[in-house]
Amino acid sequence: MGEHVERVQTFAVDYPADPRFKFFERQPGAGVASRPTTVVKLTASDGTIGWGQCVPSRRWSYETPESVRSTIDTYLAPELIGIDPQDIREAHRRLNLAIAPSFSTGQPIAKAGIDIALHDLAAKLDRRSVIGRWGRIASTAVPLSWTINLPSIDSASAEVERALAAGYRSFNIKVAPNIAFDLELCRAIRQLAPDAFLWIDANGGYDPATALEVAPRFADLGVKAFEQPVAANQLRAFKALVRQGALPILMDEAIVSRRDLEEFLALGLLNGVTMKVARCGGLHEAVAMMRLIEDAGLMWLGSGLTDPDISLAATLALFAAFGLTTPAALNAPQYLTTSILAAPISVVAGKCVVPQGLGLGVEVEQSKLLP
């Protein structure tokens with residue numbers, strides 16, 4: 001008989017965030033801004049440990065640090081006790097019965113932390129890497145894109161200089177709702193980095209008419225893709241933007257599962273996807289989506305939810321295994337200043353080094369975890 005999950009533990013881990021990022025603003029009286037996470041620890045019956053991490057933020061999802069942890073501790077952890085950690089499909093079946101879906105997967109950010117821990121544990125029990133379990137050959141480093149999230153145009157020059165000095169050659173620019181400011185900012189970044197790969201991310205912040213108006217103007221500035229131009233439920237606007245054809249239209253917030261992607265693709269609502277492991281409930285669903293993306297020949301970009309440490313390692317594994325060709329907007333190295341890993345993930349000349357070894361290839365320094 002194989003090993004089974006014997007214990008599930010969660011730990012709140014906050015990472016100081018600097019400089020400013022709009023999703024991690026300082027709150028009155030709260031001191032330094034931080035990126036809250038929940039670390040998940042699965043212990044197998046033989047003592048092997050699998051690590052996962054949830055990356056909630058109330059500014060981009062209904063899932064909060066408090067809801068993620070209480071959901072896992074109260075509802076999801078009991079479903080895992082006694083399960084074979086290598087049967088990840090069965091684990092997800094149980095998790096989805098415990099927390100039902102609404103339009104799509106219910107509480108995917110919470111489930112992502114468990115899924116990542118299961119992949120880490122299963123691969124360790126197999127004496128392989130997570131990528132090795134998928135049977136894929138991976139790159140050893142993933143080029144990164146620098147996130148532009150500025151309060152004024154005046155700071156653009158210094159920001160681009162910082163990025164270029166660190167070896168970055170791609171920029172993903174946060175836009176919406178002020179189109180005059182957005183266009184001026186994109187124009188400034190293009191002038192400062194004329195050969196850079198640029199894409200814009202509105203996080204659903206434009207209304208449909210504004211998105212249609214501004215897309216051709218962004219294209220004229222050399223922008224290569226338009227991520228989440230309108231809110232996730234404004235499906236007619238996505239269709240209109242695809243028909244307009246000014247820029248490739250990529251979905252992010254709207255894509256949580258392979259089923260979502262299949263439906264939206266069949267309806268002609270997108271040209272591509274911005275992949276986030278945490279957004280879609282973890283690696284199990286992300287791999288299914290990547291196989292569909294490969295089969296359909298869709299454009300895809302790599303991104304994240306400012307994922308540190310364990311979640312970052314899982315994301316790097318996915319992007320390296322599926323041959324990401326454009327720089328990834330994984331901005332934890334840009335904004336977060338600490339690590340709970342014994343050997344932190346490194347960035348060299350604008351490329352994030354993919355951890356090597358069993359499981360996810362990272363080891364948590366457990367003394368840094370508080371109950």
Side-chain angles (χ1 to χ4, degrees), residues 21 23-24 35-38 40 52-65 67-68 71-72 76 92 95-96 99 101-119 142 145 147 172 174 199 201-205 225 227-233 238 249-265 269-270 272-293 298-319 322 324 328-332:
F21 189 34
F23 293 113
F24 307 126
R35 199 276 167 265
T37 76
T38 296
V40 179
Q53 191 167 35
C54 313
V55 287
S57 170
R58 66 184 179 84
R59 292 183 180 274
W60 60 47
S61 165
Y62 61 86
E63 293 183 77
T64 68
S67 73
V68 160
T71 294
I72 294 174
L76 301 182
H92 275 280
L95 296 179
N96 290 333
I99 296 293
S102 52
F103 180 81
S104 188
T105 305
Q107 293 190 246
I109 293 175
K111 290 172 181 173
I114 290 176
D115 170 275
I116 291 168
L118 283 167
H119 276 82
V142 173
S145 175
T147 298
N172 54 291
K174 295 294 184 180
W199 91 82
D201 179 10
N203 289 113
E227 178 184 345
Q228 201 64 36
V230 296
N233 59 0
F238 279 102
I249 302 302
L250 276 68
M251 280 191 174
D252 170 11
E253 281 86 346
I255 302 290
V256 182
S257 71
R258 176 176 173 131
R259 183 175 296 177
D260 304 330
L261 178 54
E262 288 173 336
E263 290 296 320
F264 295 156
L265 180 60
L269 305 184
L270 53 84
V273 181
T274 303
M275 285 297 302
K276 290 180 168 72
V277 170
R279 175 80 70 195
C280 60
L283 290 167
H284 179 71
E285 197 68 26
V287 168
M289 291 166 65
M290 284 307 313
R291 298 196 190 283
L292 175 58
I293 286 168
L298 284 177
M299 179 182 186
W300 69 284
L301 298 175
S303 187
L305 300 177
T306 314
D307 309 59
D309 289 340
I310 307 162
S311 188
L312 177 59
T315 301
L316 290 170
L318 181 79
F319 294 170
F322 283 87
L324 180 62
L330 299 174
N331 56 22

Report task. Report the C-alpha separation of Lys111 and Asp115 in whole Å, then their side-chain angles, then the decisive distance to 0.1 Å, and conclude whether the side chain to side chain contact (heavy atoms under 4.5 Å, CB included) test is met. Result -> CA-CA 6 Å; Lys111 290 172 181 173; Asp115 170 275; 6.0 Å; no
Output the distance between atom [atom1] ([X]) and atom [atom2] ([Y]), rounded to the nearest 0.5 Å.
X      : Y      : atom1 : atom2 : result
Asp260 : Ser104 : CG    : OG    : 3.5 Å
Phe103 : Ser257 : CZ    : OG    : 8.5 Å
Leu330 : Phe319 : CG    : CZ    : 5.5 Å
Leu298 : Leu270 : CG    : CG    : 6.5 Å
Leu261 : Leu292 : CG    : CG    : 4.5 Å

Any side-chain heavy atom of [X] within less than 4.5 Å of one from [Y]?
X      : Y      : result
Thr64  : Pro56  : no
Phe322 : Met275 : no
Thr306 : Trp60  : yes
Val277 : Ser311 : no

Requested in this report: Apply side chain to side chain contact (heavy atoms under 4.5 Å, CB included) to the pair Glu63 and Val68, showing each step before the final yes or no.
Outcome: CA-CA 6 Å; Glu63 293 183 77; Val68 160; 3.9 Å; yes
Of all the heavy-atom pairs spanning [X] and [Y], show the shortest one and how long it is.
X      : Y      : value
Phe238 : Ala232 : CE1-O, 4.2 Å
Gly302 : Trp199 : O-CH2, 4.0 Å
Ala110 : Cys54  : O-SG, 3.5 Å
Gly106 : Tyr62  : C-OH, 4.0 Å

Is a side-chain N or O of [X] found less than 3.5 angstrom from the main chain of [Y], in a donor-acceptor match?
X      : Y      : value
Asp307 : Leu305 : yes
Thr71  : Ser67  : yes
Asn96  : His92  : yes
Ser145 : Asn172 : yes

Requested in this report: Could you verify whether a donor N or O on one side chain and an acceptor N or O on the other, from Asn203 and Glu253, lie under 3.5 Å apart?
Outcome: yes
Determine all donor-acceptor pairs shorter than 3.5 Å in which one atom belongs to a side chain in residues 279-289; sequence neighbours excluded.
residue	atom	partner	partner atom	Å
Glu285	OE2	Arg258	N	2.7

Report task. Please lay out, stage by stage, how Asp309 and Thr37 fare under the test side chain to side chain contact (heavy atoms under 4.5 Å, CB included). Result -> CA-CA 10 Å; Asp309 289 340; Thr37 76; over 6 Å; no
Requested in this report: Verify side chain to side chain contact (heavy atoms under 4.5 Å, CB included) between Gln53 and Thr38, making sure each step is shown before the conclusion.
Outcome: CA-CA 6 Å; Gln53 191 167 35; Thr38 296; over 6 Å; no
Report task. Identify, with sequence neighbours excluded, every residue that meets side-chain contact (heavy atoms from CB on, under 4.5 Å) alongside Thr274. Result -> Glu227, Leu250, Asp252, Lys276, Leu301, Ser303
